[in-house]
K.L.:
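Right, I'll just put the structure down here and ask away after.
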Amino acid sequence: MGVTKEELESSLTSKLSPIHLEVVDTSGGCGASFVVEIVSAQFEGKRLLERHRMVNAALEKEMQEIHALSITKALTPEQWKQQKDSENSQAAA
């Protein structure tokens, strides 16, 4: 059996302390493919590539069993707030 969504959430939460985390198993339940959206203060001052490396490092053990990991968002809390404010203002228009 592959990795579970809960295992990924647990590892990311303990290592990156996200204020927002969404993990979706896109493998149909076999635990081989996931999509991750994460917001963490630990990303402050880091380029996108560094943030992705931090996520991969946090999932080092799990990555041995995962075939595909898509990090759709790796944002700082401020970037996430700006994005949400932008989405809300567009929705109101």
Side-chain angles (χ1 to χ4, degrees):
M1 168 113 185
V3 178
T4 66
K5 170 184 182 278
E6 291 77 19
E7 287 173 318
L8 261 64
E9 289 172 339
S10 176
S11 290
L12 290 169
T13 299
S14 69
K15 294 172 183 153
L16 296 175
S17 306
I19 63 164
H20 170 76
L21 176 62
E22 185 175 335
V23 177
V24 179
D25 183 345
T26 56
S27 66
C30 74
S33 179
F34 293 90
V35 173
V36 173
E37 181 177 299
I38 184 168
V39 179
S40 173
Q42 292 185 37
F43 295 150
E44 293 287 346
K46 305 279 193 297
R47 294 182 321 242
L48 184 60
L49 180 60
E50 292 173 292
R51 296 173 188 186
H52 282 228
R53 286 178 177 157
M54 290 171 70
V55 171
N56 285 326
L59 298 174
E60 182 179 6
K61 180 177 75 91
E62 293 84 354
M63 289 300 289
Q64 295 173 16
E65 297 183 49
I66 295 174
H67 297 288
L69 178 68
S70 175
I71 305 168
T72 56
K73 292 181 185 174
L75 304 173
T76 65
E78 182 59 31
Q79 289 171 322
W80 190 54
K81 180 184 180 307
Q82 289 172 359
Q83 190 174 63
K84 289 296 174 193
D85 289 349
S86 175
E87 289 172 4
N88 290 339
S89 66
Q90 289 175 0

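Quick caveat: nothing in here was measured; it's all calculated off a predicted structure. Any value given below was found using the heavy atoms of this structure, including those in side chains, with hydrogens, waters and symmetry copies removed.
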K.L.:
Give me the atom names and distance for the closest heavy-atom approach of F43 to L75.
P.N.:
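Scanning both residues completely, I find the closest heavy atoms to be CD1-O, 3.3 Å.
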K.L.:
Is it the case that one hydrophobic cluster holds both V55 and V39, taking links as side-chain heavy atoms less than 4.5 Å apart, direct or via other members?
P.N.:
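Not linked; separate clusters.
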K.L.:
Give the minimum heavy-atom separation between L12 and A58, together with the two atoms involved.
P.N.:
CD2-CB, 4.0 Å
K.L.:
Kindly compute the distance separating CG (L48) from NZ (K73), expressed to the nearest 0.5 Å.
P.N.:
13.0 Å
K.L.:
Provide the closest heavy-atom pair for G31 versus I66 in the form atom of the first, atom of the second, distance.
P.N.:
O-CG1, 4.3 Å
K.L.:
Spell out, as yes or no, whether a donor-acceptor pair under 3.5 Å connects the side chain of T72 to the backbone of V36.
P.N.:
yes
K.L.:
Just by modelled atom types, is the S10 backbone N or O under 3.5 Å from a matching donor or acceptor in the S14 side chain?
P.N.:
yes
K.L.:
Given the rule that I, L, V, M, F, W and Y join up when any side-chain heavy atoms are under 4.5 Å apart, are L16 and F34 in one cluster?
P.N.:
yes
K.L.:
Going by the side chain to side chain donor-acceptor pair (under 3.5 Å) test, which pairs reach into residues 47-62, not counting sequence neighbours?
P.N.:
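Qualifying pairs, neighbours excluded: S11-E62, R51-Q79.
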K.L.:
For a side chain to side chain contact (heavy atoms under 4.5 Å, CB included) with L69, tell me which candidate from V23, V35, L59 qualifies.
P.N.:
L59
K.L.:
Taking salt bridge (charged side-chain N to carboxylate O under 4.0 Å, His left out) as the cut-off, I'd like each qualifying pair that reaches into residues 8-19, sequence neighbours left out, listed once.
P.N.:
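Found K5-E9.
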K.L.:
Please name the pair of heavy atoms, one in E44 and one in P77, separated by the smallest distance, quoted to 0.1 Å.
P.N.:
OE2-CD, 3.8 Å
K.L.:
Tell me the side chain to side chain donor-acceptor pair (under 3.5 Å) pairs involving residues 27-38, sequence neighbours left out?
P.N.:
H20-E37, D25-S27, T26-S33
